[in-house]
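Letters A, B, ... mirror the listed sequences (proteins, then strands); counts begin at 1.
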There are 2 protein chains.
Amino acid sequence: MQSRTSAPRATGGRPRSATADAAILAATRAALVELGWSKLTLGDVATRAGVAKTTLYRRWAGKNELVVDAVAALFDELELPDRGNLAADVEGVVLQFAAILARPEAKSGLMSVVAESIRDDALRDRIRSSIVERQKLLVLEGRARAQQRGELPEDNDPEAAARTADLIFDVIAGAVVHRALVSAEPVDADWTRSFTRLLLNGLTASATT
Amino acid sequence: MQSRTSAPRATGGRPRSATADAAILAATRAALVELGWSKLTLGDVATRAGVAKTTLYRRWAGKNELVVDAVAALFDELELPDRGNLAADVEGVVLQFAAILARPEAKSGLMSVVAESIRDDALRDRIRSSIVERQKLLVLEGRARAQQRGELPEDNDPEAAARTADLIFDVIAGAVVHRALVSAEPVDADWTRSFTRLLLNGLTASATT
DNA sequence: AAGCTTTCGCTACGAGCCGTAGCGTAACTG
DNA sequence: CAGTTACGCTACGGCTCGTAGCGAAAGCTT
């Protein structure tokens, strides 16, 4: 689960303190809330966690990796209860995303690490595996359910199905993130309902109501 | 146009060099391409621009403001030719966004300043007025055209219309940004066509084809 | 032309953070 | 018990930040 610095992990010797790991990640989230990404320093995080700065550097290569792991933990709670129909499931996904994005440590951290990942492929993979893929699973799950219910057509061409799933994911995640972080408006029940209607019925069919 | 540091601008005296302004912004974009946001330093930008570091600080308060202005200039070229119908206009908007986001200086800069804006309201307003509102105008323009053509219903309730416009904007901009910067996949003609069909017809109506 | 005002380039500076090295100590294994 | 690894602590060179102070340059005004 923890995708920290590649663990050489020879046999004997003193084991790494799991307590320290948790303390560091918690301290990182607290620092994100108070200071934001740019003013967050690793020395400060170490002090908050009650840990020596060198200990922190032994486990994480830098600020980017540390924050990714700290933020990724927020996505552990993601799951999608079956609400009986496609529209309700979509609203469920959106509200799940929104609940996480509403937390200040997610706001401060997520965009920053994604920005950094543009010039760092390793970081991008790390984000993908520990955050993005977990979100995408919810979309795939909801889609599979809808197909079982007959609300969406079955996939005949698996490759085209994958492209469609990617498209839907980008639309949902992108819209929620843009609403929450760029427009800085709340992703509440009203907005979620309007968005779901738009996603399911399309622009032409959905009235301005 | 230039939303630089609030200009005291008394009467006489040596005027600020407009050449220096352009050189600094160009140098900032070049540094963004080469170094990315986190490794970009103001001292380096000043050197590239052939300008003293103090000159740079006299005009911009810091890294954030400078990069916003440097990136905002990329959005000057935004405009939306009338392509005759709603679907074609939507594709036009998407491809306009995509063309800008494909440039490395936009990739590196945009996400970073948005991330910083989460903890800086003044920066958020600056981004809104110099970047986001310009994008939104395209959406509003396309929407008005579609209503004139009869492709979309007229607005009866202006407040609801504004909410709908915001929703559409978040969906379009969010999806394109997410595709380009998070999924890191190209926003090409194929994807644009699929996205447009989804946006106009909805999930239920659009086949996986 | 002289005088006033503002900008410019340059140098220098204290401050803060980075990331690492070195050391002695602590914790766990066979 | 010996071997191995993690830990806390201190110290360090290097880099960037943002500002101050200076003399010179570039305009505008009378």
Expressed as a whole number of angstroms, how long is the span from [X]:[atom1] to [N]:[atom2]?
X	N	atom1	atom2	value
B:L56	C:dT7	CG	C1'	14 Å
B:E65	D:dC17	CD	P	14 Å
A:W60	C:dG19	CH2	P	15 Å
B:R16	D:dC28	CZ	P	16 Å
B:L66	D:dG18	CG	C1'	15 Å
B:K39	C:dC17	NZ	C1'	16 Å
A:K63	D:dT16	NZ	C1'	13 Å
B:D21	C:dT7	CG	C1'	12 Å

Under 3.5 Å, is there any donor-acceptor pair linking the side chain of [X] to the base of [N]?
X	N	answer
A:S17	D:dC7	no
B:K53	D:dG18	yes
A:R58	C:dG19	no

Are [X] and [Y] within salt-bridge range, i.e. N to O under 4.0 Å?
X	Y	result
A:R48	A:D44	yes
B:R163	B:D166	no
B:D120	B:R126	no

Give a yes or no answer on whether the side chain of A:R119 reaches the backbone of B:V33 with a donor-acceptor pair at less than 3.5 Å.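 Pair found, side chain donor or acceptor close to backbone of B:V33.
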For the backbone of A:P186 and the side chain of A:R179, can you confirm whether one donor and one acceptor N or O come within less than 3.5 Å of each other?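 Yes: the side chain of A:R179 pairs with the backbone of A:P186.
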Determine: side-chain N/O of B:T55 to OP1/OP2 of C:dG9, distance under 4.0 Å, yes or no.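 True: B:T55 side-chain N/O within range (under 4.0 Å) of C:dG9 OP1/OP2.
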OP1 or OP2 of C:dA26 versus the side-chain N and O atoms of A:R14: is any pair under 4.0 Å?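 The answer is no; no side-chain N or O of A:R14 sits under 4.0 Å from OP1 or OP2.
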Let's see if you can work this out: which of C:dC10, C:dT20, C:dC17 has an atom nearest to the side-chain heavy atoms of A:T41?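 Nearest listed nucleotide: C:dC17.
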More 5' along DNA chain D: B:D44 or B:G13, using each one's nearest nucleotide?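 Between the two, 5'-proximity favours B:D44.
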Could you pick out which residue, A:T54 or A:L40, lies toward the 5' side of DNA chain C when each is mapped onto its nearest nucleotide?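 Looking at DNA chain C, the more 5' nearest nucleotide goes with A:L40.
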